[in-house]
Amino acid sequence: MRQYDPHAIEEKWQELWEAGDVNRLLPLSDKPPFYVLEMFPYPSGDVHMGHVRNYSIGDVVSRYKRMRGYNVLHPIGWDSFGLPAENAAIKQGSSPAAWTYANIERQRASLKRLGFSYDWSRVVITSDLSYYRWGQWIFRKFWDRGLVERRSSPVNWCPSCKTVLANEQVVDDGHCWRCKSPVQKRELEQWFFKITDYADELLDDLAELTGWPERVKQMQANWIGRSVGADVRFTLCDAEGVPTDEVITVFTTRPDTLFGCSFFLLAPEHPLALRLSAGTSYEAGVRAVQQSAATATAIEREAAEREKQGAFTGRYVVNPATNEKLPVWVSDYVLMDYGTGAVMAVPSGDQRDFEFARKYGLPIPPVVVKRDDPLLAELATATERVLDDVPWSEAYTGPGLMVQSGEFTGMPGGKDSEGSEAVIAWLQARGLGEASVRFRLRDWLISRQRYWGNPIPMIHCEDCGIVPVPYEDLPVVLPLDVDVIAGETLASHKEFYEVDCPVCGKPAHRETDTMDTFTCSSWYYLRYTDPHNTVLPFDALAADAWLPVDQYIGGIEHAILHLLYSRFFTKGLRDAGLLGGTNAEGLLQKGEPFARLLTQGMVKLGGETMSKSKGNVVAPEEAIARYGADVLRVYILFMAPPDKDLEWSQEGLEGIWRFLNRVWRSVYDLRGERVVDSEGTLLSLYDESLDASDAAARGRELERAIHRVIGKVEDDIERFNLNTAIAAIMELANTISAYTKLPLALRDAELCAQAAETLVLLLAPMAPHCTEELWSEVLGKAQKGSVHTQPWPEHDPRKALAETVELAVQLNGKLKARITVPLDAPDAEVKAEALEAAAAALEGREPRKVIVVKGRLVNIVA
RNA sequence: GUCGGCGUGGCGGAACGGCAGACGCGCUAGCUUGAGGGGCUAGUGUCCGAAUGGACGUGAGGGUUCAAAUCCCUCCGCCGACACCA
């Protein structure tokens, strides 16, 4: 026999598979389609263990589904625009493109060495002109549909990356997601995708995503943050306190507390703040609050523990419910970019307002009181204000009864209460307000002041304003000869920058911002369905045939960013008529790109995420060099369930090396070959004491194991229990080992052949090279084609069962004995046997009840 | 603070409400080998017992059930997301 030598077989099969198009998709097929997608890599360096894990999981699903008769689309590509390329190029003295494409080639070679079953003819690279041109085309479509806006607003600026960031890219209390620098707020004119137009749909359709982890849906729901309440209009008074025509609207989720509003707040950045106080003795105070809010970092300002700063503007507004005049204050806990930048403060019903009122000595009249609060007795019927301060140490935000609230007094109050609805109806009838919904989600800021990205196809003309590049002039080609090391930019690159206005023909200039790299990854899964299209981003028929992606696999770090943006893109493209035609149904019709999502856990070492900066990286190439790709793949699948974190263990890796060697030897042994180790020591030591009846028993055991394990592996792969699928294959291998202790003369040749074949087929999705060699060379089945084009083995569940079955006998739920009965023994017989077996434990007591659970146990209640 | 998730041997982890600890790692003993590695055999939750065996056991406490790691409630601990969002 030959020894298992991964290095002698892996590369050979990789080349043969590629030459024979084994992994290539056949577009015309009567097989049902199945789209397996793994998040494509960013080419920032070598392939790491996280990639290996992600892609090994996807490869098992892909190969398994192929064996089950599906036409499987399993593509790969690179998300290759982005800032790291620029930084690395500057550091290494190369160009972003050179750095990017060199890394792509390294990663491509590594992925091939791992034997993943990608269709290499469909590779999509986002920095290729053939791809990003369609990103511009889609941008233009979105512009036509009013989904693109250029506007000035307070945006997140990363001083280190020297670019603005989307809200979603500000992480960990105000830090840049890439470089972790504290982010600053700046008022800048920028490009936005109007993702908020889809806020409702993005939130509501989460309910359709039954194949997504609850956790991810929860995170997206929180991020979108829909609040239901009312807009309420307050009338502004002039300097003398006389009501004017000017109205300030606020948003509240607690209209039921309107009668308890005792002061009014503006964000420091609110344009009214200075206007109201200008030239008065209050101006200095207002300016001080503004100053402190502006200099505080986002981190300081958003920390809930921070003491609230405030200043009175000197002016008043009228509470529409009570007609009371309320002082208008400025405070830094009011945010300009949520709601209207103004707030009705109800200190008895909101903890922040409560703290502010206590600090500045403002009244705290109770308005919604807990049903068992002693205050209720004295206020139960008070419709007018009789109490201006509560004896509480904190605000009460729960449900209760409304007091001091005019005609609403005595009604149930609280969030979404009857009282809330009544107050909204009352406001609406008088034109003072109406029901309203607000979202936490902001529009997606997509412009980046960087070179290495997809140019925004827009032109600035002095006369015509902002003009889109006409479709026939697309694409806007990103010039590759921009010397970023010398500090050159798109704006300083004249051939790019200077352009004639497509409308009036006068000299104009191009937009020099590029698009956020997340715009590139928001539709790549659509391009894979039609990667070589030169007239459209993708053909609608191809997209409709493959979408939604049946199984998407990737890291939890994209729970909000990429997954939310992709959902938005798909909905936008559907509404632009580019996919999900009239016959679309289900998720495709909803514009949902991903039917099932698996978020894989991280690979850790010493309890920490592997990272170059921590120096705790185990390189995949190292493991491959030592044990081969199959061992690494099986190991990483076996060590933990796919969605849990995985702690790297060298011993575990060696365990899998031993396992694959055992499989290898077993296949030889099952063919009757004497197995030896690498030094010629005989390892096939038959147990000559075994006789024909042992052979029959072990044969039945092996046959049952074959049928049981096939079913188990099927169920496990379908449910992503890949670790237990491998455990089941190990059990089969163990049963085979027991069988091959039989001397050759006692073995059943047919059973041996079946066992070898089953073992190889079941393991094929996880260990593709080793099983291919065993299938094609050792078992000599090459004429039937690659092991990876074979149908999945059939199994008969009845053959997985033994003739007799061992049952546990419990007394009051506690295990007391075991009995062995025929599989189909009638309950009465089983009961009788169980009672006999438990006689001693019963100690003469009469059983009150006997429960028989077929094939499992008998529980005697006494 | 709010919302999620998770607590099982020395370790990674198994268990449609039905025999807790599959499978693997590690460890112990024996066989094989000149040695090492490898292979093979047996054992490996805790406590009592020489042993057949018995008692206990899934973070803590309660509940539902013939039966709970699993379902419900309270608490403790760890992890994650969001967080001055009116």
note: A:Lys814, atom NZ; B:C56, atom P; distance rounded to Å ~ 5 Å

note: A:Glu355, atom CD; B:G1, atom C1'; distance rounded to Å ~ 11 Å

Ring centers of [X], [Y] separated by less than 6.0 Å:
{"X": "A:Tyr635", "Y": "A:Trp648", "answer": "yes"}
{"X": "A:Trp329", "Y": "A:Phe264", "answer": "no"}
{"X": "A:Phe263", "Y": "A:Phe356", "answer": "yes"}
{"X": "A:Tyr627", "Y": "A:Trp657", "answer": "yes"}

In terms of the nearest nucleotide of RNA chain B, which residue is placed more toward the 5' end: A:Asp353 or A:Ile560? A:Ile560

RNA chain B: A:Ile860 or A:Lys415, which has the more 5' nearest nucleotide? A:Ile860

Looking at [X], does any N or O in its side chain come under 4.0 Å of the phosphate oxygens OP1/OP2 on [N]?
{"X": "A:Asn721", "N": "B:A14", "value": "no"}
{"X": "A:Arg440", "N": "B:A81", "value": "no"}
{"X": "A:Tyr333", "N": "B:A86", "value": "no"}
{"X": "A:Ser331", "N": "B:C84", "value": "no"}
{"X": "A:Arg856", "N": "B:A15", "value": "no"}
{"X": "A:Arg442", "N": "B:C85", "value": "no"}
{"X": "A:Arg658", "N": "B:C25", "value": "yes"}
{"X": "A:Lys816", "N": "B:A55", "value": "yes"}

Interatomic distance at [atom1], [N] relative to [M], whole Å:
{"N": "B:U46", "M": "B:C40", "atom1": "P", "result": "26 Å"}
{"N": "B:G59", "M": "B:A42", "atom1": "P", "result": "32 Å"}
{"N": "B:G45", "M": "B:G21", "atom1": "P", "result": "10 Å"}

Measuring from the side chain of [X] (C-beta onward, heavy atoms only), which nucleotide among [options] has the closest atom?
{"X": "A:Thr724", "options": "B:A15, B:C84, B:C25", "result": "B:A15"}
{"X": "A:Lys741", "options": "B:U41, B:G12, B:G13", "result": "B:U41"}
{"X": "A:Asn723", "options": "B:G4, B:A22, B:A14", "result": "B:A14"}
{"X": "A:Ala727", "options": "B:C23, B:C85, B:G39", "result": "B:C23"}
{"X": "A:Pro641", "options": "B:A14, B:U41, B:G80", "result": "B:A14"}

In terms of side-chain geometry, is the basic nitrogen of A:Arg704 or A:Glu701 positioned less than 4.0 Å from the acidic oxygen of its partner? yes

Would the base of B:C66 count as contacting A:Lys849 through its side chain, where contact means a donor and an acceptor less than 3.5 Å apart? no

Kindly indicate whether the side chain of A:Asn859 and the base of B:C66 share any N or O donor-acceptor pair separated by less than 3.5 Å? yes

